[in-house]
2 protein chains.
Amino acid sequence: MSQMLQIHDQLREMILSLDLGPGERLTERWLESRFEGSRTPIRAALVRLEGEELVRRDGRNWIVAPIDLGELEALAEFRIPLETTAVRLACARASEADIAGIEEMLDACQSGAPREEWHRVGTDFHVEIARLSGNPFIVKAIGGAMTRLSRARWLEVWTEPSREQAWREHRRILGFIKANDPEAAAREAADHIKDTRDRLLRSLNEDRRGLRARGFAVIGLR
Amino acid sequence: MSQMLQIHDQLREMILSLDLGPGERLTERWLESRFEGSRTPIRAALVRLEGEELVRRDGRNWIVAPIDLGELEALAEFRIPLETTAVRLACARASEADIAGIEEMLDACQSGAPREEWHRVGTDFHVEIARLSGNPFIVKAIGGAMTRLSRARWLEVWTEPSREQAWREHRRILGFIKANDPEAAAREAADHIKDTRDRLLRSLNEDRRGLRARGFAVIGLR
DNA sequence: CGGTATTGTTTGGGATACCAATTCGGGATA
DNA sequence: TATCCCGAATTGGTATCCCAAACAATACCG
């Protein structure tokens, strides 16, 4: 793989895992030493990450994109029509094997699993459901939305019951798809998105003080 | 403006206007002489355009993204839930002035207007409607979808009556938003997207021979 | 002492040099 | 004449160089 793609992936991972704080400045020269590569591939990686809106220009400088909690509402509003459409299409198009694969993914995430695992599966579930729709534009749009959500979800304080509920909702969505009940699946998906949004907003509001304390550039929460 | 952005915009325009044929190879050295800049800003522009999927890697080489007419179905499927959502939200959120601005845009495109004008307004209408939703994710997604549609729309043979019909449909959508009738607006928007898709597919099927003759890499039409 | 001008350092933008890999052509050979 | 092989040319990937602008510190003047 080209050096640029390696750097891109590593930097992407560092940003999404909050190794690099939102709003943090990135100098090309620091990245140069950090990744032991020259500025050429680093700049290519930055331009690419800019396209994914994980990195942004601030004047002439590069910064890690801040987390804008004000986006959370709009993000849910965006996801609802897309994901309801996705599950409806999934009912019509998904094969038994496709569904079984996703069931397996959910099963693999037991209650003892590490936090990273829950986080990853919680994101991937939605993308994989989207994939069942067979529509690449829906897949990409939902993937992008989940990426933007990803860092905010790290900030969330996960309680056991709320996590359990989210998992129950995932299973219910998948169950309705399996039972070929598109309208129920769509209703369930919409409810799940709203529930998740509310859980997230509630948690972040309660913990707002803690967020700033951690020094992240977190904006937009009214 | 930085040289990279200039090159990006020019190259983008050349691709979208079919000045550069779909599938055509782009060598960095040719672009270097064409734009009288060095490879550094050219590479940045290419990486950026790759993110917009207007340019693609073919092995180690750069090519203009081919037009995949097989995407047209999926694109309509993607647009319908988004644009119906957009018009519903627009009913709730758009101001008189917002709507008047779009009416003006439609009015400005008289029957004597050049082909480029019709093409541009036909795209912008949908993006501007999306903007009325107030949801930036919807705006961006529809913008991207219209960009992908753009080149296929150039290939379409526009007859006067079909163009007239499209314009009538635009006006009807806007009318229902103005009248604050979200469900009618949504129904009209969905119908319009389907009509447009069908018109486009019919035209391209009839003219398929002509397309290949023009030497474009046009794929995916069954 | 405070404000301003200046200079030195750091940064990103762009140009260029170099390299490895791939491509293409031509000539030797069967 | 067809084929194979080798080398020259071209390509994209990477490293480095230079420059202008931004910023900071400092020194100088009022």
Side-chain angles (χ1 to χ4, degrees), chain A residues 1-16 19-68 215-217 219, chain B residues 1-16 19-68 215-217 219:
Chain A
M1 188 177 15
S2 78
Q3 202 174 343
M4 175 230 136
L5 289 179
Q6 284 182 46
I7 294 173
H8 169 269
D9 289 349
Q10 287 181 52
L11 196 48
R12 186 175 201 280
E13 206 44 50
M14 290 169 73
I15 292 170
L16 288 180
D19 267 358
L20 294 171
E24 186 168 331
R25 168 135 187 228
L26 296 173
T27 74
E28 295 181 357
R29 259 96 179 184
W30 179 80
L31 293 166
E32 197 172 9
S33 66
R34 173 67 181 71
F35 294 112
E36 293 171 10
S38 78
R39 286 171 64 207
T40 309
I42 283 169
R43 285 168 61 180
L46 285 170
V47 170
R48 195 165 233 253
L49 287 166
E50 189 187 16
E52 305 175 49
E53 296 184 83
L54 291 178
V55 136
R56 167 187 309 182
R57 314 302 307 242
D58 175 38
R60 229 167 50 118
N61 304 320
W62 296 101
I63 61 171
V64 177
I67 299 180
D68 182 353
F216 294 143
I219 60 177
Chain B
M1 187 181 15
S2 78
Q3 203 174 343
M4 175 234 136
L5 289 179
Q6 285 181 44
I7 293 173
H8 170 270
D9 289 349
Q10 287 181 51
L11 196 47
R12 187 175 200 281
E13 206 43 51
M14 289 169 73
I15 292 170
L16 288 179
D19 266 358
L20 294 170
E24 186 169 329
R25 169 134 186 229
L26 296 174
T27 73
E28 294 182 356
R29 258 94 180 185
W30 178 79
L31 293 166
E32 199 172 7
S33 66
R34 173 67 181 71
F35 294 110
E36 293 171 11
S38 80
R39 288 170 62 207
T40 308
I42 283 169
R43 288 182 125 268
L46 285 170
V47 170
R48 196 167 233 253
L49 287 166
E50 189 187 16
E52 306 175 48
E53 295 183 85
L54 290 177
V55 136
R56 167 187 309 181
R57 314 303 306 241
D58 176 38
R60 232 171 41 121
N61 304 319
W62 297 99
I63 61 171
V64 177
I67 299 179
D68 182 352
F216 293 143
I219 60 179

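Throughout, a chain's letter reflects where its sequence line sits, starting with A, and its residues are numbered from 1. Note that the coordinates shown come from a computational prediction; the quantities given were computed from them, not determined experimentally.
Nearest heavy atom pair, residue B:P41 against residue B:M4, reads O-CG, 3.7 Å. A:E28 approaches A:I42 most closely through the heavy-atom pair O-CD1, 4.3 Å.
A heavy-atom distance below 4.5 Å is found between the side chains of A:R34 and A:M14. With contacts defined as side-chain heavy-atom distances shorter than 4.5 Å, the pair A:E32/A:R29 qualifies. Looking at A:W62 and A:E50, their side chains come closer than 4.5 Å, going by heavy atoms from C-beta outward. Looking only at side-chain heavy atoms (C-beta outward), B:D9 and B:M1 come within less than 4.5 Å of each other.
In terms of the salt bridge (Lys or Arg N to Asp or Glu O under 4.0 Å) criterion, residue partners of A:E52 (sequence neighbours excluded) are, by chain and number, A:R12.
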Nucleotides 10-20 of chain C: protein proximity per nucleotide (B base, S sugar-phosphate only, - neither; heavy atom, under 4.0 Å) | -BBBBBBBB--
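Protein chain B touches strand DNA chain D; the 5'-most and 3'-most nucleotides with an atom under 4.0 angstrom of its non-hydrogen atoms are D:dT11 to D:dT14.
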